[in-house]
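Here is the structure we will look at.
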Amino acid sequence: MMKKLALVLSFALAATALFAASGFAATTIKIGHVLNTDHSWHKNLAGFANDVKKETEGRVTIQLYPSGQLGNEKDMVEGLTFGTVDGGLIGGGSFQSIDPKFGIEALPYAWPTHEAAYKAFDGKLGKYLFDLLGKKGIVGLAWWENGFRHITNNKKPVVKPEDLKGLKLRVTPDKMRLDTFKLLGAAPMAINFGELYSALQQGVVDGQENPYAIIYSNAFNEVQKYLSKSGHIWGSAVLCVNSDVWNKLSVKDKETVRKLAQKWCAAQRKETIKEENEFLDKLKAKGMKVNDVDKAAFQKAVQPVWKSYESTFGKELMDMVHEYGK
């Protein structure tokens, strides 16, 4: 028994010496997000976490905190800048609180396809925005996806912009989203996502806008009748960590984490596209009435939004959107 105890202690001492010699101790990174465990964000984050632990031989451990356990996205962004949050998978638009240029992705009808958005965010546009994050003490690892957003409501099908007139719609609390729906004649309201189901149920708002996966996984079909396939905005998701936490990792482990962030980014994007039709079929089966919209009419109607935000985003970023959004 004493020999076994001595052997265990010797292994522990050897491991401690190895970490001390390298200057890097084992690191746990707590990563939060606001969606539930059924969503592709969480499922692919779980795969990412498993791979990170395995390929770093336990030197880096990822712990996941879904469903807003670390706060809403605004809270997490603030925590990342202050160092009170280790990491997150956070909608790109939520970083407008630290730099308004992060609103660029939400220009209505900027991205005609998933692939056009991927090229932009894996290319010059994404690098530009990650450089902005770096100046705020946040390390961007990969651009995951939230997908295209669509409009649901309890009043009527939305086919043309004028169908939005007077509809009380919950939108994410960023200025350009509010400006867009005001321009289209709706009455947009910024309501906390965690309170959205009850707000729809109680008639505080008539509708909302989100990707199919979120509409389904949060059972909005139970409190919404019409789903209009507007596809008005494509949304990213930023997998990121606080720079102080990041700097605890060795160069080798940083390379491993980045590589795996990209691997699981590709998997999550693939799942998002695959699930779009599946979730749409499920929502139809649940009784939602689904219709197409006149996208040309919507694209024309939102042009004043593009014009009014040119000065916010600047020529360089706007040129990138035109380049990739063809």
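For Val60 against Leu249, the heavy-atom pair with the smallest separation is CG2-CD2, 3.7 Å. Here the closest heavy-atom approach between residue Lys168 and residue Val204 is recorded as NZ-O, 3.6 Å. Listed here is the closest heavy atom pair of Phe148 and Thr113: CZ-C, 3.8 Å. What you find for Val34 and Gly71 is that their closest heavy atoms are CG1-O, 3.9 Å.
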Open item on the list: Walk me through whether Asn36 and Asn218 qualify under side chain to side chain contact (heavy atoms under 4.5 Å, CB included).
Closed with: CA-CA 8 Å; Asn36 61 39; Asn218 288 276; 4.2 Å; yes

Task: side chain to side chain donor-acceptor pair (under 3.5 Å) assessment of Thr256 paired with Glu55 - done: CA-CA 7 Å; Thr256 298; Glu55 294 201 23; 5.3 Å; no

Open item on the list: Assess the residue pair Trp111 and Phe121 against the criterion (ring pair (Phe, Tyr, Trp, His ring centres under 6.0 Å)); give the C-alpha distance rounded to whole Å, side-chain angles, the decisive distance to 0.1 Å, and a yes or no.
Closed with: CA-CA 11 Å; Trp111 315 109; Phe121 286 86; 5.8 Å; yes

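Relative to the six-membered ring of Tyr226, Lys289 misses at least one condition, a distance below 6.0 Å or an angle of at most 45° to the axis.
Side chain of Gln69 to main chain of Pro66: a donor-acceptor pair is present (N/O by atom type, distance under 3.5 Å, no hydrogens or angles). Of the possible donor and acceptor atoms, one in the side chain of Gln303 sits under 3.5 Å from a partner among the backbone N and O of Gln299. A side-chain donor-acceptor contact under 3.5 Å links Trp144 to the backbone of Ala261. Of the possible polar contacts, one joining the Asp163 side chain to the Lys160 backbone as a donor-acceptor pair under 3.5 Å is found. Side chain of Asn146 to main chain of Trp234: no donor-acceptor pair is present (N/O by atom type, distance under 3.5 Å, no hydrogens or angles). In terms of modelled atom types and a separation under 3.5 Å, the side chain of Thr27 and the main chain of Ala25 share a donor-acceptor contact. Side-chain N or O atoms of Asn242 include none that pairs as donor or acceptor with a backbone N or O of Asp86 at under 3.5 Å. With hydrogens and angles disregarded, no donor-acceptor distance shorter than 3.5 Å links the side chain of Asn192 to the backbone of Glu195. Side-chain atoms of Arg59 come within 3.5 Å of backbone atoms of Thr56 as a donor-acceptor pair (strictly under, hydrogens ignored). When atom types are taken as modelled, the side chain of Asn44 and the backbone of Ser40 share a donor-acceptor pair closer than 3.5 angstrom.
Between Lys135 and Asp131 there is no salt bridge, since no side-chain N of the basic residue sits under 4.0 Å from a carboxylate O of the acidic one. Residues Arg269 and Asp122 are paired through a salt bridge, judged by an N-O separation under 4.0 Å between the basic side chain and the carboxylate. Between Asp51 and Lys263, at least one side-chain nitrogen of the basic residue sits less than 4.0 Å from a carboxylate oxygen of the acidic one, meeting the salt-bridge criterion. Taking the charged nitrogens against the carboxylate oxygens, Glu78 and Lys74 have no contact shorter than 4.0 Å, which rules out a salt bridge. Using a cut-off of 4.0 Å between Lys/Arg side-chain N and Asp/Glu carboxylate O, Glu276 and Lys282 are scored as not salt-bridged. For Arg170 and Glu209, the salt-bridge test fails: no basic side-chain N is under 4.0 Å from an acidic carboxylate O. Ion pairing between Lys124 and Glu323 holds under the 4.0 Å rule for side-chain N and carboxylate O.
Here Phe298 and His232 keep their ring centres 6.0 angstrom or further from each other. For Tyr109 and Trp306, the gap between ring centers reaches or exceeds 6.0 Å. Between Phe102 and Phe95, a ring centre-to-centre spacing shorter than 6.0 Å is recorded. Taking the six-membered ring where the residue is Trp, the centroids of Trp143 and Phe130 are separated by under 6.0 Å.
Using a 30° and 60° split on the angle between ring planes, Phe279 and Tyr216 fall in the tilted class, from 30° to 60°. Classification of the His42-His33 ring pair by plane angle, with boundaries at 30° and 60°, yields tilted.
The structure places CG of Leu141 at 10.5 Å from CG of Leu260, a figure rounded to the nearest 0.5 Å.
Using a 3.5 Å distance cut-off with no hydrogens or angles, the side chains of Tyr212 and Asn277 do not pair a donor with an acceptor. Tyr118 and Glu145 form a side-chain donor-acceptor contact under 3.5 Å, judged by distance and modelled atom types alone. Looking only at atom types and distance, the side chain of Asn291 has a donor-acceptor partner in the side chain of Ser228 under 3.5 Å away.
The environment of NZ in Lys254 is crowded: more than 12 heavy-atom neighbours from other residues, nucleotides or ligands sit within 6.0 Å.
Each of Leu200, Val171, Thr172, Asn153 was checked for a side-chain contact (heavy atoms from CB on, under 4.5 Å) with Gln208, and the lone residue meeting it is Leu200.
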